[in-house]
2 protein chains.
Amino acid sequence: MINILIADDHTMFVDGMESILKTEVDLFVAGRSYDGPSVIDFLKENKVNLVLLDVNLPGMNGIEVCKEITASYPDVKVLAISMFNEESFVSEILNNGAKGYLLKNTGREELLKAIRTVAAGESYFSKDVTETIMKGLMNQRKASAKSNAFFPKLSRREKEVLKLIAQEFTTQEIADSLFISLKTVESHRSSLLSKLNARNSVGLVRIAIENDLLQ
Amino acid sequence: MINILIADDHTMFVDGMESILKTEVDLFVAGRSYDGPSVIDFLKENKVNLVLLDVNLPGMNGIEVCKEITASYPDVKVLAISMFNEESFVSEILNNGAKGYLLKNTGREELLKAIRTVAAGESYFSKDVTETIMKGLMNQRKASAKSNAFFPKLSRREKEVLKLIAQEFTTQEIADSLFISLKTVESHRSSLLSKLNARNSVGLVRIAIENDLLQ
DNA sequence: TTATTTTTGGGGGTTTACCCGAAGTTTTAT
DNA sequence: ATAAAACTTCGGGTAAACCCCCAAAAATAA
C-alpha cells in the first residue's frame, strides 16, 4: 500500500487526481494540501510514502517544500507535477530531491506508472521532460554565454543613458535631464552600441530588456 | 441527462474531471478533446449539451473555439475553465458566448453545481471571477490603457514590419525584404507609433516585447 | 605611480527616422 | 447593398540618429 499526499492549489485538479487514485487497490490518498506549509504540517502527523507535489504552489514555493521534505523526511518520495515543461523548473526541483517530474498533460496510465516507479525508489520523467533536460544539458555552454557571464560591463553613465533611451527620450532630452552636452550623450550611446553589439537603439533596448538591465 | 464534452490539453486534468462526473447519474461524458479543432469536429458528429472548455487551448484559442461553437451550435452551452483569473480572459470569452467561467481551483461540489446551472440555461461564475469582473468594470478606463483586452489590433503588415524593426533592420532593409517601397514601410511604422502610442521605434519594441507580440 | 577606463565634449557629415498629406484597395458594419 | 472604416501603398521635407575623426579632465585599477 502506497500512502499518498496530494499537494496542489487547484481543487479541481486534486479532486480529479483523487478520483483516479481511488480506483487503485494499492494506492491510498492519505491527505490533500493546498499550500506549502500545510504539506510540512501533514508529514509531521501522518505516515506518507509519496507526495504528488505541484511545483507552483502558493505560500511556499514547491521547490522549497521539496527541499524541506527531503531534508526532514528522507524516506518520503517526491513526484513533482507542473503545467510547465521548463528547464529551470525541472532542474531546480530535481536538485532539491524530487524523484520524478510529470507534466499535467500526462495521461492516467502514465501517472499510475510514475507513482509506482517513484514509490519503489526509482526515478520517472515524462518523455517531454526528458527531452527538455537533454536540450538543457546540450545548450549549457550556449546558456552560460547568453546569461550574465560574458555580458559586457556597462559604466554608471552608460546605464543611465540606456535607461533613458528605453524610456523613449531623445538625445537632446537625455542631455538636458543629465545636465550634459548632446555630444556626450551621443558618445555614450555609441559606446553602448559597440559594447552590446547592436545596430541601433532598438537593439540596445531589446538587449537591455532581455538581460534585465532596466530599473 | 447532460451530455458533456471536456476540452482541455492537460490529460491528467481531463482524466480527473471525468472521474468526478462519472459518479453523477445525470451527467455523461460524451467525449474528450485535447485541442480546438477537434472540439468542432466532435460537435459535428455528436449530440452535446455542454462543453467544459479550457480557455488556453493549443492549436485554436479557447476564445475562438467558443465563438465557433456559439455561431454554429447555439444550443450547446459553454462553461469556460481556466487557471487564470484574468479580466481580459473572462470578458473576452463571455463576449464570445460562454455562459460561465470557473477557475481550476474550484471544488468538486461547485463544479457540479456550475455544470447543472449552465446546462439549465443560466449563468454561473466563481466568486473570485465575479469580483474580477466587477473590478474590471470599475477600472474600465485604466484597463483599456493597460491590459491586453483592449490592446490595439495590428494589421498583418504592421506586425511584419514591427518584427523586423525589433530585429534592428533599417527601413530600407525592411522595404527590400518585403518588396515594398521605403515610404510604405515608414507609413506602417507611423501607424504603429500612433496605435501603440509610442514616440519612436524604441517604444514600439519595448511595448512589443512586453505584450509578447514578437515571433 | 602609472596605466586604463570613464566622462566629458567638438566639428562635420551621412543615414535614418519621423511628420504631413494623399490615393487606391480591402474590410467591416449597418 | 452601400457607406464607413481600415489597410496598403507612396512622395516631399525636417528632425533626429548614427558615424568618423579627435582630445582633455577625472576617476579607477594595476
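Predicted, not measured: the structure shown is a model, and the values here were computed from it. Note that these values count all heavy atoms, side chains included, but never hydrogens, waters or copies made by symmetry. Quick note on labels: first sequence line is chain A, next is B, and so on, each numbered from 1.
B:Asn200 places a side-chain N or O within donor-acceptor distance of the main-chain N or O of B:Val202, the cut-off being under 3.5 Å. Counting only distance, with no hydrogens or angles, the side chain of A:Ser190 and the backbone of A:Glu186 share no donor-acceptor pair below 3.5 Å. Using a distance-only test at 3.5 Å, with no hydrogens or angles considered, no donor-acceptor pair links the side chain of B:Asp54 to the main chain of B:Ala7. A donor-acceptor pair is defined here as one N or O able to donate and one able to accept, closer than 3.5 Å; such a pair exists between the side chain of A:Thr70 and the backbone of A:Lys67.
Closest contact between the side chain of A:Ser201 and the listed nucleotides D:dC18, C:dA17, C:dG9 involves D:dC18. Listed nucleotides C:dT6, D:dT8, C:dT16 differ in distance to A:Ser155; the shortest reach to its side chain belongs to C:dT6. Taking the side chain of B:Ser181 as heavy atoms from C-beta on, and the options D:dG11, C:dT16, C:dT7, the nearest nucleotide is D:dG11.
Listed pair B:Arg189 / C:dA17 meets the phosphate criterion, a side-chain N or O lying under 4.0 Å from OP1 or OP2. Contact annotation: B:Ser190 does not reach the phosphate of C:dC20 (side-chain N/O to OP1 or OP2, under 4.0 Å). Taking side-chain N and O atoms only, B:His188 has a distance below 4.0 Å to OP1 or OP2 of D:dT9. Considering only side-chain N and O atoms, B:Arg199 lies nowhere under 4.0 angstrom from the phosphate OP1 or OP2 of D:dA16. OP1 or OP2 of C:dG9 lies within a sub-4.0 Å distance of a side-chain N or O belonging to A:Thr184.
With hydrogens and angles left out, the side chain of A:Lys183 and the base of C:dG12 share a donor-acceptor pair within 3.5 Å.
Using modelled atom types, one finds a donor on one side chain and an acceptor on the other under 3.5 Å when comparing B:Thr23 with B:Arg108.
As judged by a 4.0 angstrom heavy-atom cut-off over every strand, A:Glu186 is placed among the base-contacting residues. A:Thr171 comes within 4.0 angstrom of sugar-phosphate atoms only, judged by non-hydrogen atoms across all strands, and of no base.
Distance B:Arg157 CZ to C:dT25 P: 17 Å, rounded to the nearest Å. In this structure, CG of B:Leu164 is placed 16 Å from C1' of C:dT16, rounded to the nearest angstrom. Atom CG of A:Leu193 is separated from atom P of D:dC19 by 6 Å (rounded to the nearest Å). When the P atom of D:dT8 is taken as reference, atom NZ of B:Lys159 falls 10 Å away, rounded to whole Å.
Nearer the 5' end of DNA chain C, as judged by each residue's closest nucleotide, is the contact made by A:Ser187, out of B:Leu182 and A:Ser187. Place A:Ile180 and A:Lys195 on DNA chain C by their nearest nucleotides, and A:Lys195 ends up nearer the 5' end.
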